[in-house]
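Residue numbers begin at 1 in each chain, while the letters A, B, ... track the order of the sequences.
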Amino acid sequence: MPELPEVEVVRRGIEKWVRTRTVESVQVLDPRSVRRHVDGVLDFEESLTGCTISSVGRRGKFLWLGLAGLESETVLMAHLGMSGQLLVEGAEAPDEKHLKVRLSLSQAKDYPDELRFIDQRIFGGMFLSSLVPTKDGLPGGVGVQEPLIPQAAAHIARDVLDPYRSAEDLYVALRKRSTELKRAILDQAVISGVGNIYADEALWQSKLSGLRKTATIRRPEVQRLNEALIDVMTRALAAGGTSFDSLYVNVNGASGYFARSLNAYGREGKFCLRCVENGVASVIRRDAFMGRSSYTCPVCQPRPRVR
DNA sequence: CCTAAGACCTGGCTGC
DNA sequence: TGCAGCCAGGTCTTAG
């Protein structure tokens, strides 16, 4: 399940293989994977053909390829959704079972000549998006210098690892909301790149309950949460991203292995490792939340009082 | 304006 | 063994 670290692994992984290369042909094998391209499959294929890839940018979980050769400033957006992969492969490699889009690239010595988008659950997709100025005049995301952001990602906040974001930004965004803490950090307009897994990990690490109301959050708590978010994401990135089912595979085809160092997510019924260290035998619990699961320690992440 | 719930998807798993 | 139904989850859309 790609969250920010996995998407950044992909961004770094494909950058050197695709930058400066020209898209010679485009093949959409499943129109559902380009459904966000409002002008249709044919327009997607025709517009992209002949473009040269100039950069690979990212904000949160949105990835984009900068394009030269189009009249207006437009980028190729890619979102991996739940199960998406971007692979750089030779044309001779057999089509993957869930291959959705194939970009054939100009020949380059010792470089594979296809960029493939593979997606089983089709929550992800590709589409073209025009660039708009950033609201703060600062670079649009990781991998880009210009103060431009794809229109389709302009509404989301800077992500956890964005150097132009601060703990105070997070505090301000949280205090503007009137909802629960976990719901808020999963809202990409508050802070981007956080999904269900790393939300639980960062809340556990900062000893905060996701049920806390954002209106009651104090600066020191946000400071702790912010540090935890950065720490969790940084460690996951160093490990090459997390993988649970075999759906997520990084650009080299190898699964990430951060999953084995998770402290909360997926650990229902197991001891809270921090409490055990303190001589307390508390057990991680799972609760339904927004149609998914939340994993928490009932002892070190005290729930707010209900009135 | 805000927040919350529903829809989109497939395939692995569970239970009858 | 077969099959219906549940579950996973990010983001957009719709409802309140």
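- Atom CD1 in A/I185 sits about 14 Å away from atom P in C/dT11, given to the nearest Å.
- The side chain of A/E3 lies closest to C/dG10, out of C/dG9, B/dG11, C/dG10.
- The side chain of A/R183 sits closest to B/dA4 out of C/dT11, B/dT3, B/dA4.
- Remark: P of B/dC9 and NE2 of A/H79 are 16 Å apart, rounded to the nearest angstrom.
- Of the side-chain N and O atoms in A/Q188, one or more sit less than 4.0 angstrom from OP1 or OP2 of C/dT11.
- With a 4.5 Å cut-off on side-chain heavy atoms, A/S293 and A/Y265 do not count as touching.
- Summarising the geometry, the separation between CG on A/D30 and P on B/dT10 is reported as 8 Å, rounded to the nearest angstrom.
- Residue A/F62 is in sugar-phosphate contact alone, with no base atom involved, counting any heavy-atom pair closer than 4.0 Å across all strands shown.
- Within the structure, every side-chain polar atom (N or O) of A/H98 is placed at least 4.0 Å from both OP1 and OP2 of B/dC9.
- Computed from C1' positions of five pairs at each end, the angle between the two local axes of the helix from B/dC2-C/dG16 to B/dC16-C/dG2 equals 60°, rounded to 10 degrees.
- Side-chain proximity of A/S293 to C/dA8, C/dG10, B/dT10: nearest is C/dA8.
- The pair A/E8-A/R11 meets the salt-bridge criterion, with a side-chain N (NZ, NE, NH1 or NH2) lying under 4.0 Å from an Asp/Glu carboxylate O.
- The CZ-C1' distance, from A/R121 to C/dC12, rounds to 19 Å in whole Å.
- Taking the charged nitrogens against the carboxylate oxygens, A/E168 and A/R219 do have a contact shorter than 4.0 Å, which makes a salt bridge.
- For the OP1/OP2 pair of B/dA4 and a distance below 4.0 Å, the side-chain nitrogens and oxygens of A/T179 include at least one atom meeting the criterion.
- Across the protein-nucleic acid pair, A/R35 atom CZ and B/dT10 atom C1' stand 12 Å apart, rounded to whole Å.
- Between A/K182 and A/E180, no side-chain nitrogen of the basic residue sits less than 4.0 Å from a carboxylate oxygen of the acidic one, so the salt-bridge criterion is not met.
- No salt bridge links A/D187 with A/R183; every basic N to acidic carboxylate O contact stays at or beyond 4.0 Å.
- A/D39 is listed as a side-chain neighbour of A/H37, based on a closest heavy-atom distance under 4.5 Å.
- Among C/dG10, B/dT10, B/dA4, the nucleotide with an atom closest to any side-chain atom of A/F123 is C/dG10.
- Checked against C/dC12, B/dT3, C/dA8, the side chain of A/R177 finds its nearest nucleotide in B/dT3.
- A/M77 and A/M82 sit in two unconnected hydrophobic clusters of ILVMFWY residues. Membership requires side-chain heavy atoms under 4.5 Å apart, directly or through other members.
- The distance from atom CZ of A/R292 to atom C1' of B/dA4 is 13 Å, rounded to the nearest whole Å.
- The interatomic distance linking A/I118 (CD1) with B/dG11 (P) rounds to 14 Å, in whole Å.
- The nearest heavy atom of DNA chain C to A/M290 and to A/R286 marks one nucleotide each, and the one closer to the 5' end goes with A/R286.
- Two different hydrophobic clusters hold A/L273 and A/V299 under the rule that ILVMFWY side chains link at heavy-atom gaps under 4.5 Å.
- OP1 and OP2 of C/dT11 both lie 4.0 Å or more from every side-chain N or O belonging to A/R36.
- Relative to the side chain of A/I122, the nucleotides B/dG11, B/dC9, C/dG9 differ in distance, and B/dC9 lies closest.
- Here the C1' atom of nucleotide B/dC13 and the CD atom of A/Q120 are 13 Å apart, to the nearest Å.
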